[in-house]
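As structure tokens, the structure follows; a few thoughts come after it.
Quick note on labels: first sequence line is chain A, next is B, and so on, each numbered from 1.
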Number of protein chains: 2
Amino acid sequence: MTADALSLTFAALADPTRRALLELLAVRPMAVTELAAPFDISLPAVSRHLKILRRAGLVERSREAQVRPCTLNAAPLKDAAAWMAHYREHWEQSFDRLDVYLQELQARRPSPSDPR
Amino acid sequence: MTADALSLTFAALADPTRRALLELLAVRPMAVTELAAPFDISLPAVSRHLKILRRAGLVERSREAQVRPCTLNAAPLKDAAAWMAHYREHWEQSFDRLDVYLQELQARRPSPSDPR
DNA sequence: AGTTTATTTAACCTTTCTGTTAACTACGCG
DNA sequence: CGCGTAGTTAACAGAAAGGTTAAATAAACT
């Protein structure tokens with residue numbers, strides 16, 4: 001609750017049901033009942049997942065008659081993606097990470113009692 | 001635990017301490033004690049955060065004398081980034097989402113009892 | 001006004017998370 | 001061998017996650 005936006009975003013994405021809900025909403029806005037249909041869990045459970053997605057700012061709810069259509073707002077994903085992009089160079093070269101590491105070790109070897 | 005890789009990755013990222021740990025490891029591999037130093041929490045707490053990062057495959061531990069250096073493995077971030085990239089077009093146009101939505105509503109209006 | 005439809009809130013349960021301190025393991029060194 | 005260093009595991013506690021069913025709310029429709 002006191003969590004930062006990035007934590008809320010990643011936490012929201014850390015559940016397969018919630019990711020699936022976002023995928024549905026990527027197609028078009030949908031009512032809660034409509035969103036819930038493909039899942040085996042109860043409606044209140046879906047309602048709570050949506051609450052977590054709303055807490056992260058990924059879903060917005062409007063009101064139209066008795067239906068509350070949910071809309072995707074992908075904006076928070078932009079920040080999350082930006083955070084991860086920071087590591088792109090790392091995952092692109094992840095195969096030779098170990099080599100690099102071993103080289104560093106050797107480079108540091110000279111000092112025997114190596115003060116930290 | 002039975003969770004899929006993507007869920008484990010996002011869950012690992014959903015904590016500021018763990019993200020900070022990854023940022024440290026992006027600089028160079030480090031020992032647990034060294035990693036723990038900047039944080040106010042106890043060493044066992046850091047050890048557990050590292051366990052979660054390892055469970056997600058983001059951190060690997062090797063062994064060197066009594067030290068267990070931790071290494072960043074950014075590979076899982078690649079999959080997570082790929083999942084999010086799916087939404088890039090959405091966040092890039094997130095300002096006019098509402099307009100699009102309202103247009104869709106109007107387009108559907110013709111059918112009055114609109115079978116779902 | 002009373003019913004139906006859509007959705008949330010309440011109350012409850014179980015599991016997982018996050019942190020703590022204390023005890024244990026593992027290795028290197030004098 | 002016994003000690004110090006590095007790190008994990010154990011045991012415990014409180015908060016949050018995720019699910020359930022039952023009750024409440026809100027608007028639309030006779």
Side-chain angles (χ1 to χ4, degrees), chain A residues 1-4 7-21 24-25 29-56 58-71 105 109 111-116, chain B residues 1-4 7-21 24-25 29-56 59-71 105 109 112-116:
Chain A
M1 214 186 258
T2 17
D4 56 298
S7 295
L8 291 178
T9 303
F10 283 129
L13 299 180
D15 182 285
T17 301
R18 287 195 291 267
R19 289 197 303 278
L21 286 170
L24 286 175
L25 290 176
M30 289 186 196
V32 177
T33 311
E34 199 179 357
L35 279 169
F39 300 98
D40 270 352
I41 60 179
S42 66
L43 195 60
V46 172
S47 182
R48 266 145 81 132
H49 279 303
L50 287 170
K51 196 170 188 175
I52 289 170
L53 290 169
R54 259 185 287 139
R55 186 182 63 171
L58 288 164
V59 163
E60 274 153 18
R61 226 180 14 165
S62 48
R63 157 141 260 178
E64 181 211 343
Q66 68 277 65
V67 179
R68 291 152 203 74
C70 297
T71 320
L105 275 188
R109 192 69 72 193
S111 58
S113 57
D114 210 2
R116 52 110 193 276
Chain B
M1 214 187 263
T2 19
D4 56 298
S7 294
L8 291 178
T9 303
F10 284 129
L13 299 180
D15 182 284
T17 302
R18 288 195 290 266
R19 290 197 303 277
L21 286 169
L24 287 175
L25 290 176
M30 288 185 196
V32 177
T33 312
E34 198 178 358
L35 280 169
F39 300 98
D40 270 352
I41 59 180
S42 65
L43 195 61
V46 172
S47 182
R48 279 201 314 217
H49 279 302
L50 287 170
K51 197 170 187 175
I52 289 170
L53 289 169
R54 259 185 287 139
R55 186 182 62 171
V59 163
E60 275 153 18
R61 227 182 11 168
S62 48
R63 158 141 260 176
E64 183 212 342
Q66 67 276 65
V67 180
R68 291 152 204 73
C70 297
T71 319
L105 275 187
R109 191 73 70 194
S113 56
D114 206 4
R116 52 113 193 276

> In whole angstrom, what separates Arg61(B)'s CZ from dC27(C)'s P?
Replying inline: 12 Å
>> To the nearest 0.5 Å, what is the distance between CZ on Arg61(A) and NZ on Lys51(A)?
In response: 9.0 Å
> For residues 36-45 of chain A, which residues have at least one heavy atom under 4.0 Å from DNA chain D?
Replying inline: Ile41(A), Ser42(A), Pro44(A), Ala45(A)
>> With a cut-off of less than 4.0 Å, is there a side-chain N or O of Ser47(A) near OP1 or OP2 of dT8(C)?
In response: yes
> How close or far is atom C1' of dT9(C) from atom NZ of Lys51(A), stated in whole angstroms?
Replying inline: 8 Å
>> What's the separation between atom OG in Ser47(B) and atom CZ in Arg54(B), rounded to the nearest 0.5 Å?
In response: 6.5 Å
> Does anything in residues 31-41 of chain B pair up under salt bridge (charged side-chain N to carboxylate O under 4.0 Å, His left out), and if so which pairs, sequence neighbours excluded?
Replying inline: Arg28(B)-Glu34(B)
> What is the distance from CE of Met30(A) to C1' of dT7(C), rounded to the nearest Å?
Replying inline: 17 Å
Review item, side-chain donor-acceptor pairs of residues 7-21 of chain A, under 3.5 Å, at least two apart:
residue	atom	partner	partner atom	Å
Ser7(A)	OG	Asp4(A)	OD1	2.6
Ser7(A)	OG	Asp4(A)	OD2	3.2
Ser7(A)	OG	Arg19(B)	NH1	3.0
Ser7(A)	OG	Arg19(B)	NH2	3.2
Thr9(A)	OG1	Ala5(A)	O	2.9
Asp15(A)	OD1	Thr17(A)	N	2.8
Asp15(A)	OD1	Arg18(A)	N	3.2
Arg18(A)	NE	Ala12(A)	O	2.8
Arg18(A)	NH1	His49(A)	ND1	3.1
Arg18(A)	NH2	Ala11(A)	O	3.1
Arg19(A)	NH1	Leu13(A)	O	2.7
Arg19(A)	NH1	Ser7(B)	OG	3.0
Arg19(A)	NH2	Asp4(B)	OD2	2.6
Arg19(A)	NH2	Ser7(B)	OG	3.2

> Leu25(B) and Met30(B): which non-hydrogen atoms are nearest, and at how many Å?
Replying inline: CD2-N, 3.7 Å
> Is any side-chain nitrogen or oxygen of Arg18(B) closer than 4.0 Å to OP1 or OP2 of dC17(C)?
Replying inline: no
> Whole Å only: how far is the CD atom of Glu34(B) from the C1' atom of dT5(D)?
Replying inline: 14 Å
> Between dT8(C) and Arg54(A), is there an OP1 or OP2 to side-chain N/O distance shorter than 4.0 Å?
Replying inline: yes
> OP1 or OP2 of dA17(D) sitting under 4.0 Å from any side-chain N/O of His49(A)?
Replying inline: no
>> Output the rounded distance in Å from CG (Leu53(B)) to C1' (dT8(D)).
In response: 16 Å
> dT9(C), dG19(D), dT7(C): which one has an atom nearest the side-chain heavy atoms of Arg48(A)?
Replying inline: dG19(D)
> dC17(C) C1' sits how many Å from Asp15(A) CG, rounded?
Replying inline: 15 Å
> Looking at CG of Leu50(B) and SG of Cys70(B), how far apart are the two atoms once the value is rounded to the nearest 0.5 Å?
Replying inline: 5.0 Å
>> Once you apply a heavy-atom cut-off of 4.0 Å, does Ala31(B) come out as touching a base, just sugar-phosphate, or nothing?
In response: sugar-phosphate
> What's the CG-P distance between Leu8(A) and dC17(C), to the nearest Å?
Replying inline: 17 Å
> In whole Å, what is the span from the CG atom of Leu13(A) to the P atom of dG18(D)?
Replying inline: 12 Å
